[in-house]
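Encoded as structure tokens, the structure appears first; notes follow it.
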Amino acid sequence: MGLIGSGNIGITVAQLAVGAGHQVVLSNSRGPETLADTAAQLGSRASAATSEQAAVAGDIVVVTVPVKSFPNLPAVPLAGKTVIDTCNYGPERDGHIPEIDSKSLTSSELLLRYIPDAMLVKAFNNIFFKHLLSLARPAGAADRSYLPIAGDSTSAKAAVTEFIESIGYSVVDAGSLADGWRQATGTPVWGTPYGPYSNEKGQPVGEDAIRAALAAAAR
């Protein structure tokens with residue numbers, strides 16, 4: 001598992017991945033030396049590297065950066081890779097991007113322009129990082145929660161589903177990358193089903209509730 005970007009969601013995914021027995025290579029825009037302490041805290045299955053090295057190392061690579069940083073991603077080593085896109089567009093941070101503002105593109109479709117040979121799957125963008133950490137449950141648990149994913153590659157979706165299931169969640173297929181707007185910022189499935197931010201433990205969410213929230217989304 002390679003991670004490009006090591007903010008709250010990235011580090012939480014890394015923590016869950018290490019706990020499930022995966023090897024994790026962390027990276028950010030500031031250099032691997034800034035992640036040495038984080039890697040040490042995660043243990044022997046974690047290491048820090050450059051973004052290019054993380055892209056090369058990962059069977060699955062998590063891209064978890066501001067949308068405005070898409071042009072800086074290492075496209076060549078991501079070619080042919082299964083890539084998880086956790087990114088949410090925020091004009092206040094990213095500046096206004098006309099294609100997203102006009103709804104002619106989802107943020108994932110924009111990302112694909114910069115890494116066109118990757119197999120992209122949208123995931124982890126609809127849940128608060130503290131809820132992502134606290135709601136993980138083993139397979140078969142009655143209170144296991146569901147996360148939506150969206151993507152165009154069947155094989156990439158299968159790989160991401162297997163990974164998500166390994167770290168404590170079940171999956172709802174939310175459709176293609178073009179359907180990814182249904183789990184974007186402000187939609188019914190974004191944040192709300194898992195409880196308010198003030199409740200750091202969150203609340204488990206089943207398959208039916210996630211499907212209903214996706215269906216209720218409107219553009």
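- In this structure, Tyr89 contributes its side chain and Ile97 its backbone to a donor-acceptor pair below 3.5 Å.
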### Task
Given side-chain contact (heavy atoms from CB on, under 4.5 Å), test Arg45 with Val24 step by step and report yes or no.
CA-CA 6 Å; Arg45 292 193 181 99; Val24 171; over 6 Å; no

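- For the pair Thr106 (side chain) and Leu177 (backbone), a donor-acceptor distance under 3.5 Å is present.
- Side-chain atoms of Ser176 and Asp179 include a donor-acceptor pair closer than 3.5 Å.
- The aromatic rings of Phe124 and Phe163 lie perpendicular to each other, with more than 60° between the two planes, well past the 30° mark.
- A side-chain donor-acceptor contact under 3.5 Å links His131 to the backbone of Asn199.
- Under the 4.5 Å side-chain contact rule for hydrophobic residues, Val121 and Leu73 do not share a cluster.
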#### Entry: Verdict with reasoning, Glu200 to Leu133, per side-chain contact (heavy atoms from CB on, under 4.5 Å)
CA-CA 9 Å; Glu200 294 186 1; Leu133 184 64; over 6 Å; no

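- Exactly one of Ile60, Thr82, Asp152 qualifies for a side-chain contact (heavy atoms from CB on, under 4.5 Å) with Met119. That residue is Thr82.
- Val62 places none of its side-chain heavy atoms less than 4.5 Å from the side chain of Ile4.
- Side-chain contact between Trp190 and Asn88 is present, with at least one heavy-atom pair separated by less than 4.5 Å.
- Using a cut-off of 4.0 Å between Lys/Arg side-chain N and Asp/Glu carboxylate O, Arg211 and Glu207 are scored as salt-bridged.
- Considering every non-hydrogen atom in both Ala48 and Pro32, the closest pair reads CB-O, 3.5 Å.
- Without hydrogens or angle criteria, Arg144 side chain to Glu165 main chain gives a donor-acceptor distance under 3.5 Å.
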### Query
Is there a side-chain hydrogen bond (donor to acceptor under 3.5 Å, both in side chains) between Thr50 and Gln53 once you walk through the steps?
CA-CA 5 Å; Thr50 66; Gln53 290 167 336; 3.3 Å; yes

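- A donor-acceptor pair under 3.5 Å is absent between the side-chain atoms of Lys68 and the main chain of Gly95, judged by distance alone.
- Side-chain heavy atoms closer than 4.5 Å link hydrophobic residues (I, L, V, M, F, W, Y) into clusters, and following such links, possibly through other members, connects Met1 to Ile11.
- Looking at Asn8, its side chain never comes within 3.5 Å of a backbone N or O of Phe129 through a donor-acceptor pair.
- When the side chains of ILVMFWY residues are joined at heavy-atom separations under 4.5 Å, either directly or via intervening members, Leu132 and Val18 end up in a single hydrophobic cluster.
- Around atom CG of Asp59, no more than 12 heavy atoms belonging to other residues, nucleotides or ligands sit under 6.0 Å away.
- Between Thr34 and Asn28, the side chains place a donor N or O and an acceptor N or O closer than 3.5 Å (distance only, hydrogens not considered).
- The distance from atom OG of Ser29 to atom CG of Asn72, rounded to the nearest 0.5 Å, is 8.5 Å.
- Here NE2 of His22 is found 7.0 Å from CD1 of Ile167. Values are rounded to the nearest 0.5 Å.
- Residues Pro148 and Gln183 share a closest heavy-atom pair of O-NE2, 3.5 Å.
- Across every non-hydrogen atom of Ala217 and Pro188, the tightest pair is CA-CD, 3.8 Å.
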### Task
Could you please spell out the steps behind the side-chain contact (heavy atoms from CB on, under 4.5 Å) verdict for Phe70 and Asp94?
CA-CA 10 Å; Phe70 286 175; Asp94 299 313; over 6 Å; no

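- A side-chain contact (heavy atoms from CB on, under 4.5 Å) with Ile164 is found for one member of Leu147, Val13, Ile84, Leu16 and no other, namely Leu147.
- Looking at Ser69, its side chain never comes within 3.5 Å of a backbone N or O of Val65 through a donor-acceptor pair.
- Taking CG of Leu110 as the reference point, atom OG of Ser104 lies at 9.5 Å (rounded to 0.5 Å).
- The two residues Ala54 and Leu3 make their nearest non-hydrogen contact at CB-O, 3.8 Å.
- The shortest heavy-atom contact between Lys201 and Ser134 is O-OG, 2.7 Å.
- From Ser145, atom OG reaches atom CD1 of Ile127 across 6.5 Å, with rounding to the nearest 0.5 Å.
- For the side-chain contact (heavy atoms from CB on, under 4.5 Å) with Leu214, the lone residue among Thr187, Val172, Asp173 that qualifies is Val172.
- Residues Leu112 and Ala118 come closest through the heavy atom pair CD1-O, 3.7 Å.
- Between the CG atom in Asn126 and the OG1 atom in Thr86 there is a gap of 11.0 Å [rounded to 0.5 Å].
- Between the Gln203 side chain and the Pro193 main chain, a donor and an acceptor come within less than 3.5 Å of each other.
- Looking only at distances, no side-chain donor or acceptor of Arg137 sits under 3.5 Å from a matching main-chain atom of Gly168.
- In this structure, OG in Ser102 is found 12.5 Å from NE2 in His96, a value given to the nearest 0.5 Å.
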### Message
Please evaluate residues Val171 and Tyr146 with respect to the criterion side-chain contact (heavy atoms from CB on, under 4.5 Å), reporting the C-alpha separation (whole Å), side-chain torsions for both, the decisive distance (0.1 Å), and the verdict.
### Response
CA-CA 5 Å; Val171 167; Tyr146 281 72; 5.7 Å; no

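- For the side-chain contact (heavy atoms from CB on, under 4.5 Å) criterion with Ser108, the lone passing option out of Leu120, Val63, Val83, Asn125 is Leu120.
- Annotation for Asp143: atom CG counts as buried by contact number, over 12 foreign heavy atoms lying within 6.0 Å.
- No donor-acceptor pair closer than 3.5 Å links the side chain of Thr64 to the backbone N or O of Ile9.
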### Task
Start with the C-alpha gap between Glu109 and Lys122, add the side-chain angles, then the distance that decides, and say whether salt bridge (charged side-chain N to carboxylate O under 4.0 Å, His left out) holds.
CA-CA 10 Å; Glu109 290 174 307; Lys122 191 79 169 184; over 6 Å; no

